Amino acid sequence: MRPSSGWSIQCCFCALYNLGFDLITSELRAMVESAEEYKVRLAAYTEGKDPIAMQGLAPRTLAQLIEGVAEGKLGLRPAPNKWSVTEILAHLAEDELTSTWRYRQMLEHEGPELLGFDQVMWARLGNYGSWKAHEALEMFRLLREANLRMFAQVTPEQWQRYGVHAERGKLTVQELCGHMAAHDMNHIDQVRSILAAI
């Protein structure tokens with residue numbers, strides 16, 4: 001099943017987390033938020049806002065949210081098939097790693113292919129549950145700071161450079177920047193919900 005927007009259902013794994021699914025079957029795909037709905041929901045996070053400023057605030061917001069919370073509590077899953085706060089932070093760190101590469105590929109090359117990744121497999125192979133929350137957050141913060149320094153050097157023309165994402169089609173540097181700011185907010189909301197329940 002591929003929505004007409006060009007986004008594949010794999011783009012919706014973060015949204016599916018909200019619904020409590022780690023492993024997605026074809027039956028579940030028909031029942032949950034579509035790729036287009038996910039795209040629209042994420043776009044609402046950044047509408048009328050500065051995505052660079054949002055990206056700058058995300059690591060600090062997460063640090064404030066987890067400050068004083070015991071590591072053991074941060075590692076608790078709210079349900080067997082949902083990520084813990086620590087696992088969400090590890091995901092943010094590794095997703096920022098992929099974005100770091102994608103931004104630079106788009107700036108260096110003409111229309112490079114931007115491969116997607118299976119975040120469920122990455123979480124399993126990376127053993128996200130074994131990470132320390134503060135270490136995951138520090139990795140995310142350092143990668144994000146590197147990208148923010150790069151953004152300060154990007155020219156108006158460079159913001160419009162693009163790659164071709166395997167699932168989303170043509171994607172500019174500017175669009176990826178906005179997507180990542182929204183992606184942060186999606187997971188910050190999840191972290192808030194989890195922490196409110198423990």
Side-chain angles (χ1 to χ4, degrees), residues 8-25 28-29 31-33 35 37-38 41-42 44-46 51 53-103 115-148 167 176-177 179-198:
S8 80
I9 202 68
Q10 184 157 346
C11 296
C12 293
F13 279 146
C14 292
L16 294 169
Y17 167 85
N18 289 331
L19 298 170
F21 301 115
D22 257 350
L23 301 176
I24 311 306
T25 67
L28 290 176
R29 288 178 185 161
M31 295 169 33
V32 297
E33 182 177 49
E37 289 167 337
Y38 173 69
R41 185 170 59 80
L42 281 194
Y45 280 120
T46 56
M54 291 175 70
Q55 284 201 32
L57 287 173
R60 285 178 288 204
T61 300
L62 288 161
Q64 290 168 354
L65 287 171
I66 69 170
E67 185 177 358
V69 181
E71 191 72 44
K73 287 188 176 180
L74 295 172
L76 293 175
R77 285 183 161 201
N81 58 347
K82 293 184 82 170
W83 283 346
S84 67
V85 170
T86 299
E87 290 168 313
I88 291 170
L89 294 172
H91 164 70
L92 285 168
E94 291 207 332
D95 204 5
E96 191 67 12
L97 182 65
T98 65
S99 295
T100 298
W101 175 252
R102 287 173 177 164
Y103 290 131
L115 296 176
F117 67 95
D118 180 342
Q119 72 177 21
V120 174
M121 185 176 79
W122 281 36
R124 186 177 62 253
L125 292 175
N127 195 12
Y128 287 0
S130 71
W131 291 38
K132 301 284 187 229
H134 291 85
E135 291 174 359
L137 180 56
E138 183 67 359
M139 180 175 163
F140 173 58
R141 183 187 67 78
L142 290 170
L143 289 165
R144 176 58 56 82
E145 285 180 3
N147 287 330
L148 292 171
E167 299 158 349
L176 180 57
C177 178
H179 174 81
M180 293 311 296
H183 180 261
D184 291 347
M185 292 306 303
N186 184 54
H187 286 300
I188 287 169
D189 283 351
Q190 291 169 1
V191 168
R192 282 194 176 106
S193 295
I194 293 169
L195 292 176
I198 55 176

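Note that the structure is predicted; figures quoted are calculated from it, not measured. Only this structure's heavy atoms are used, side chains among them; waters, hydrogens and symmetry mates stay out.
In this structure, Arg144 contributes its side chain and Gln55 its backbone to a donor-acceptor pair below 3.5 Å. Looking at Trp83, its side chain never comes within 3.5 Å of a backbone N or O of Leu89 through a donor-acceptor pair.
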For this session: Apply side-chain contact (heavy atoms from CB on, under 4.5 Å) to Trp101 and Leu97, showing your working.
Result: CA-CA 7 Å; Trp101 175 252; Leu97 182 65; over 6 Å; no

Problem set entry | Working for side-chain contact (heavy atoms from CB on, under 4.5 Å), residues Met54 and Thr46 | CA-CA 8 Å; Met54 291 175 70; Thr46 56; 3.8 Å; yes

For this session: Step by step, work out the side-chain contact (heavy atoms from CB on, under 4.5 Å) result for Met180 and Asn147.
Result: CA-CA 11 Å; Met180 293 311 296; Asn147 287 330; over 6 Å; no

Problem set entry | Worked verdict on Arg77 versus Glu87 for salt bridge (Lys or Arg N to Asp or Glu O under 4.0 Å) | CA-CA 9 Å; Arg77 285 183 161 201; Glu87 290 168 313; 2.9 Å; yes

For this session: Output, in order, the C-alpha distance, side-chain angles, deciding distance and verdict of side-chain contact (heavy atoms from CB on, under 4.5 Å) for Leu195 and Ile198.
Result: CA-CA 5 Å; Leu195 292 176; Ile198 55 176; 3.7 Å; yes

Using residues 59-69 as the side-chain source, report each donor-acceptor pair under 3.5 Å to any protein atom, sequence neighbours left out, with the distance given to one decimal.
from, atom 1, to, atom 2, distance (Å)
Arg60, NH2, Gly56, O, 3.1
Thr61, OG1, Leu57, O, 3.0

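Under 3.5 Å, the side chains of His187 and His183 contain a donor-acceptor pair of N or O atoms. For the residue pair Asp184 / Tyr45, no side-chain donor-acceptor distance below 3.5 Å is found, with atom types taken as modelled.
In terms of heavy atoms, Ile194 sits closest to Ser84 at CD1-C, 4.4 Å. Considering every non-hydrogen atom in both Thr86 and Trp131, the closest pair reads CG2-O, 3.2 Å. A pairwise comparison of heavy atoms in Ala133 and Leu74 identifies CB-CD1, 3.6 Å as the closest pair. Closest approach of Ala90 and Ala136 over heavy atoms only: N-CB, 3.7 Å. Ala93 approaches Leu143 most closely through the heavy-atom pair O-CD1, 3.5 Å.
Ion pairing between Arg141 and Glu145 holds under the 4.0 Å rule for side-chain N and carboxylate O.
In this pair, Phe117 and His91 present their aromatic rings tilted. The plane angle is within the 30 to 60° band.
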